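All values below come from the heavy atoms of this structure, side chains included, with hydrogens, waters and symmetry mates left out. Chain letters run A, B, ... following the sequence lines, proteins first, then strands; residues in each count from 1. For clarity, every value in this text was computed on a predicted model and none was experimentally measured.
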Amino acid sequence: MSNSVKENSYLAHSIPNERRHNMPPTNGSASAKEPLLGFLPRKVTGPQVRKALDHDINAFTKLPHTPQYRKILEARKKLPVRWSVGDTNASHEIIQFTSNQIIVMVGETGSGKTTQIPQFVAYTDLPHTKGKLVACTQPRRVAAMSVAKRVADEMDVELGRQVGYSIRFEDMTEPGTTFLKYMTDGMLLREAMNDPSLDRYSTIILDEAHERTLATDILMGLLKDLAKRRSDLKIIIMSATLDALKFQKYFGLTSDTAAPLFKVPGRTHPVEVFYTQEPEPDYVEAAIRTVLMIHRAEDPGDVLLFLTGEEEIEDACRKIKLEADDLVNQDPDSVGPLICIPLYSSLPPQQQQRIFDPPPSARSPDGPPGRKIVVSTNIAETSLTIDGIVYVVDPGFSKQKVYNPRIRVESLLVSPISKASAQQRAGRAGRTRPGKCFRLYTEKDFMSELEEQTHPEILRSNLANTVLELVKLGIKDLVKFDYVDAPAPETLMRALELLNYLAALDDDGNLTPLGTIMAEFPLDPQLAKMLIVSPEFKCSNEILTITAMLSVPNVWLRPNNQRKEADAAKALLTVPDGDHLTMLNVYNNYIQNKYDKNWAWTNYLSARALAQAENVRDQLKRTMERFEVELVSIVDPNKLYLAVRQALVCGFFMQVAHKEGDKGNYLTVKDNQVVGLHPSCGLDAQPDWVIFNEFVLTTRPYIRTVTDVRPEWLLEFASVYFDLSSFPDGETKRALQRVANKRAGKSGRVGDDGDGAKKKKLKKSK
DNA sequence: GAGCACTGC
């Protein structure tokens with residue numbers, strides 16, 4: 001982009017001669033006012049774009065450029081991503097870029113690909129001339145928002161007009177005006193469910209594809225197929241270097257031609273990597289020792305230590321502080337002051353902000369400088385960047401979700417990280433200047449023991465939700481769907497089985513009318529089912545609240561030094577019949593006390609989580625209205641609680657446990673797992689039958705968020721699942737058989753409460 | 001008598 005000779009040759013190469021005849025006649029005065037004059041969609045050249053960028057008039061708003069624009073433009077010209085893409089001398093590259101339907105693009109951090117490439121595509125696609133949009137997906141909401149803001153500034157337009165973003169709870173776009181849209185991958189997947197050909201888009205860019213979120217993986221499968229049907233649609237997969245070949249092969253036109261690759265150099269500083277000589281038996285202890293070694297012996301610069309969870313992090317912070325104080329006491333001049341800052345997602349935002357505090361200053365003008373130590377979960381690996389980090393300590397572990405389809409349980413396990421993840425961690429040391437990374441494992445283990453990539457989420461998750469989405473997207477054969485990485489068939493079977501029991505899919509795997517509505521709710525299928533049937537129990541207002549509460553993080557706070565007070569506050573809000581009812585009670589009290597800003601805090605509740613629940617409730621309420629799911633409540637509070645517990649059964653009948661013996665043990669129905677009630681459970685007794693929201697595997701297996709239910713409800717509202725003729729033998733079956741016999745003996749009476757006719761109707765839909 | 005890696009709709 002530096003000299004005009006190159007630009008001319010570029011132009012000559014990139015526009016075939018026959019195309020020139022199609023160009024509108026050039027007119028001196030018009031071109032002065034029309035920066036895009038002569039631009040032909042997908043035939044636009046780098047020099048043309050550069051001319052438009054340097055033009056006095058904004059190509060899209062037709063307004064004169066602001067001084068701010070010029071300033072930003074100069075900085076952009078220094079980015080590793082050039083408007084020519086790839087090597088500036090290779091003019092063929094730009095033709096490939098615009099003429100290939102699917103391309104893969106790699107660029108390390110700092111290359112500017114996320115901000116620049118979508119703009120380049122907007123200039124070459126000219127979506128605004130065809131009423132189309134260019135979309136660029138991000139795995140996280142904050143990224144979609146902040147990148148859109150940055151790009152709007154770069155293009156000298158107002159955010160939400162030509163450039164916008166779309167995330168859950170916020171659509172910052174203007175139909176008819178917005179032509180460049182950043183959005184979360186989940187949001188694009190939602191759109192695809194109602195418009196499978198994604199006709200609004202001329203180009204779709206999947207950014208951060210290497211993160212392999214569930215939504216990005218499904219989108220890759222959909223887009224690969226869609227490309228065959230929509231020859232006008234262009235697809236760009238943007239990823240980190242390590243994964244590029246996999247995507248190239250996946251998106252290749254035939255099994256042995258790969259999709260073309262475009263590379264953008266990164267702009268980071270070198271990071272020197274050190275390994276231990278021997279494996280470390282206790283990684284937390286080794287990590288603390290390493291942090292203190294850095295503090296004593298290394299040049300100034302902040303430290304980032306990766307650990308696996310809240311407890312480990314808080315504990316390490318305490319120990320680091322203690323040991324650093326010891327060093328100062330022994331010899332005040334040997335080391336500078338140190339602050340240690342914990343970082344994990346459940347910290348309130350205000351405390352998360354502390355990671356941006358400057359390091360403490362030296363105790364005396366010529367004393368050793370201070371140092372900031374950030375001890376973080378994986379949140380600092382992708383979601384948050386901290387400038388000023390020079391040293392990274394990487395013990396090589398993180399908590400990862402694993403799914404066991406046999407017992408249908410998702411759990412978190414501390415596991416070794418992948419090489420890709422280790423590289424990402426190391427890179428965090430080189431953002432501002434050359435850095436060092438201390439890996440607390442041997443080089444041999446790094447080479448031979450660590451997996452190349454972290455397993456994509458699709459291989460580690462319960463896919464009930466995803467399968468419902470895929471069926472709604474019209475995917476007929478889930479096993480044959482072209483996944484980048486195919487999930488275990490058993491995981492798909494489990495998901496299909498659940499959806500069939502919930503009556504979202506019929507026995508042939510087709511979507512039922514109920515399933516069609518369920519798919520519209522941004523919820524797990526169990527929750528969606530329970531919400532949709534709740535009007536039949538006259539308690540949909542309450543089930544809506546409970547569903548919202550189950551969709552947000554834990555609302556209970558329990559500070560280490562105020563556990564008693566927190567437990568006492570919780571006891572006051574607890575409903576003894578079940579934790580679900582307690583959640584309802586908490587939410588209602590929160591709403592009633594909204595005038596009191598301190599209410600949440602004085603009751604040891606998370607104001608943030610409660611506000612989120614309110615937000616989710618609103619969104620779900622709108623979806624209910626759209627599909628005419630009535631909002632109703634029974635007035636009599638006793639009957640209401642009973643109705644709520646019955647409605648819960650309609651969604652969670654596969655998550656039932658039966659008391660076994662008198663030691664407080666429960667057996668999960670059908671799977672026969674021995675579980676205990678989680679200590680946070682608020683039940684005042686140990687009922688014979690409970691439904692639970694979660695199975696957690698920590699010091700032992702627990703069920704969490706538990707409500708007392710009656711066995712006759714199970715037989716009545718989930719008759720197919722509880723069909724005793726096909727039920728596994730055991731104490732659970734015998735207990736249910738006794739209930740069934742008793743019910744048969746009482747023939748003529750339908751249940752002992754509520755409206756029999758209504759229940760019969762429900763029985764049909766399982 | 002314990003916890004909540006991180007996202008997303």
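Using a 4.0 Å heavy-atom cutoff across all strands shown, A/R168 reaches at least one base atom of the nucleic acid. Among the heavy atoms of the strands lying under 4.0 Å from A/R563 is at least one base atom, whether or not backbone atoms are also near.
Rounded to an integer number of Å, the gap from CG of A/D579 to P of B/dG3 is 16 Å. Spacing between atom NZ of A/K564 and atom P of B/dA2 amounts to 17 Å, rounded to whole angstrom units. At whole-Å resolution of the value, CG in A/L412 and P in B/dT7 are 13 Å apart. For the pair A/D217 CG and B/dT7 C1', the interatomic distance rounds to 14 Å; values are reported in whole Å. Rounded to whole Å, the distance from CG on A/N465 to P on B/dG8 is 15 Å. The distance between atom CD of A/E211 and atom C1' of B/dG8, rounded to the nearest whole Å, is 12 Å. Spacing between atom CG of A/D567 and atom C1' of B/dG1 amounts to 10 Å, rounded to whole angstrom units. Straight-line distance from the CZ atom of A/R460 to the P atom of B/dG8: 16 Å, rounded to whole Å.
Side chain to side chain, A/Y604 and A/D567 fail the donor-acceptor criterion of an N or O pair below 3.5 Å.
Taking the side chain of A/R190 as heavy atoms from C-beta on, and the options B/dT7, B/dG3, B/dC9, the nearest nucleotide is B/dC9. Here B/dA5 is the nucleotide among B/dG3, B/dA5, B/dG8 with the atom lying nearest to any side-chain atom of A/E310.
Residue A/Y702 places at least one side-chain N or O closer than 4.0 Å to OP1 or OP2 of B/dA2. Within the structure, every side-chain polar atom (N or O) of A/R700 is placed at least 4.0 Å from both OP1 and OP2 of B/dG1. Between B/dC9 and A/T184, a contact under 4.0 Å exists linking OP1 or OP2 to a side-chain N or O. For B/dC6, neither phosphate oxygen OP1 nor OP2 lies less than 4.0 angstrom from any side-chain nitrogen or oxygen of A/S383. Close to B/dC6, at under 4.0 Å from its OP1 or OP2, lies a side-chain N or O of A/S345.
Residues A/V392 and A/F438 have side chains not in contact (no heavy-atom distance under 4.5 Å, counting atoms from C-beta outward).
Ionic pairing of A/E174 and A/K181 is not present here: no N-O contact between side-chain nitrogen and carboxylate oxygen is shorter than 4.0 angstrom. Between A/D579 and A/R704 there is no salt bridge, since none of the side-chain N atoms of the basic residue sits less than 4.0 Å from a carboxylate O of the acidic one.
Toward the 5′ end of DNA chain B lies the nearest nucleotide of A/P679, the other residue of the pair A/P679 and A/Q400 mapping further downstream.
A/F652 has its ring centre no less than 6.0 Å from the ring centre of A/F692.
Residue side chain A/R704 does not reach the base of B/dA2 through any donor-acceptor N/O pair under 3.5 Å, judged by distance alone.
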